[in-house]
Amino acid sequence: MTDHQPDAKEAGAVTFVNTFTVHVEPEVFEREFARTSEFMARQPGFVRHTLSRHTERPGQYVNVAEWQDVASFRAAVSHADFQPHAGALRALSESRPELYRARLRRDGDSALEGPGSDRATRADDAI
């Protein structure tokens, strides 16, 4: 297997969830994160992300990012130009990064998709 040929376990969309506990003023972290966001948005396979701040604890954030596949995500975070971004965020916060594969999906008033639903479509097949 090469970086350009993901195996079957890496096929399909993934969601990256990273929880941050920030040790600086929120605005400082948000500015640095925005620079990282610009870098990630230019990477192949990036779909979208949302950075959210906790409603009651302003030093806590969660970033939820969607990627086309595991290989694209791994290529982005192993890119040499990403390392300064990662270092800058580590200097401002502690994080807990995790990678997930969708199992169930529902948009607004639409029907549930996934195992056990009337529309038993797997989430990765819906993409």
Side-chain angles (χ1 to χ4, degrees):
M1 179 179 81
T2 68
D3 289 339
H4 297 52
Q5 298 172 340
D7 66 16
K9 291 179 184 176
E10 293 183 339
V14 293
T15 302
F16 176 66
V17 178
N18 200 354
T19 304
F20 295 93
T21 300
V22 176
H23 305 292
V24 295
E25 290 298 315
E27 296 75 20
V28 173
F29 175 77
E30 290 175 17
R31 275 194 304 273
E32 190 59 47
F33 192 91
R35 287 190 273 280
T36 302
S37 174
E38 290 172 12
F39 169 81
M40 289 303 209
R42 293 189 305 267
Q43 302 311 300
F46 176 83
V47 177
R48 73 179 63 84
H49 86 86
T50 301
L51 177 68
S52 299
R53 191 164 95 179
H54 195 283
T55 59
E56 297 175 6
R57 294 186 299 271
Q60 295 217 350
Y61 290 81
V62 64
N63 177 50
V64 179
E66 295 177 42
W67 288 83
Q68 290 176 351
D69 52 57
V70 172
S72 296
F73 169 76
R74 294 206 173 146
V77 297
S78 63
H79 193 289
D81 292 343
F82 175 68
Q83 300 317 309
H85 293 286
L89 291 174
R90 276 194 296 273
L92 304 175
S93 65
E94 293 176 13
S95 68
R96 184 175 163 211
E98 300 183 278
L99 195 61
Y100 296 88
R101 192 171 307 284
R103 301 309 305 151
L104 298 173
R105 176 172 294 128
R106 182 186 304 264
D107 294 323
D109 292 331
S110 67
L112 179 66
E113 295 180 12
S117 69
D118 290 340
R119 294 179 54 195
T121 10
R122 289 189 9 233
D124 16 319
D125 292 341
I127 296 174

**Q** Distance from E25 atom CD to E30 atom CD, nearest 0.5 Å?
**A** 11.0 Å
**Q** If you measure from CD on E94 to OG1 on T19, what distance do you get to the nearest 0.5 Å?
**A**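 Rounded to the nearest 0.5 Å, the CD-OG1 separation comes out at 12.0 Å.
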**Q** So which atom in E98 and which in Y100 form the shortest heavy-atom distance, rounded to 0.1 Å?
**A**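 In terms of heavy atoms, the two residues are closest at OE1-OH, 3.2 Å.
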**Q** Is there a path of hydrophobic side-chain contacts, each under 4.5 Å between heavy atoms, that joins F16 and V62?
**A**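 No, F16 and V62 fall in different hydrophobic clusters.
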**Q** Heavy atoms only: give me the nearest P44-W67 pair and the separation to one decimal.
**A**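 For P44 and W67, the tightest heavy-atom pair comes out as O-CZ3, 3.7 Å.
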**Q** Is there a path from F39 to V77 through hydrophobic residues (I, L, V, M, F, W, Y) whose side chains come within less than 4.5 Å of each other?
**A**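 They do share one cluster, since a chain of ILVMFWY contacts under 4.5 Å joins F39 to V77.
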**Q** Can F73 be reached from V47 by stepping across I, L, V, M, F, W or Y side chains whose heavy atoms are under 4.5 Å apart?
**A** no
**Q** How many angstroms lie between CZ in R96 and OG1 in T21, if you round to the nearest 0.5 Å?
**A** 10.5 Å
**Q** Can you find a heavy atom in the side chain of P58 that is under 4.5 Å from one in the side chain of R53?
**A** yes
**Q** For Y61 and F29, take the angle between the two ring planes, folded into 0 to 90°, and tell me which bin it lands in: parallel under 30, tilted 30 to 60, perpendicular over 60.
**A**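 Aromatic pair Y61/F29 classed tilted.
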**Q** State, to 0.1 Å, how close R101 and A13 come at their nearest heavy-atom pair, and which atoms those are.
**A**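 The pair with the smallest heavy-atom distance is NH1-O, 3.5 Å.
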**Q** Can you measure from CG (L92) to CZ (R31) and round to the nearest 0.5 angstrom?
**A** 10.0 Å
**Q** Can you tell me how far the CG atom of L99 sits from the CG atom of N18, to the nearest 0.5 Å?
**A** 11.0 Å
**Q** Are R35 and E32 close enough for a salt bridge, meaning some N to O gap below 4.0 Å?
**A**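 Answer for the salt bridge query: yes.
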**Q** State, to 0.1 Å, how close H49 and S37 come at their nearest heavy-atom pair, and which atoms those are.
**A** NE2-OG, 2.7 Å
**Q** Is there a chain of hydrophobic side chains (I, L, V, M, F, W, Y, each step under 4.5 Å between heavy atoms) that links L51 to V64?
**A**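 The answer is no; the residues belong to distinct hydrophobic clusters.
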**Q** Does one hydrophobic cluster hold both V17 and F20, with members joined at side-chain heavy-atom distances below 4.5 Å?
**A**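 No; F20 is not reachable from V17 via cluster members.
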**Q** For a 4.5 angstrom cut-off between non-hydrogen side-chain atoms, does H85 reach M40?
**A** no
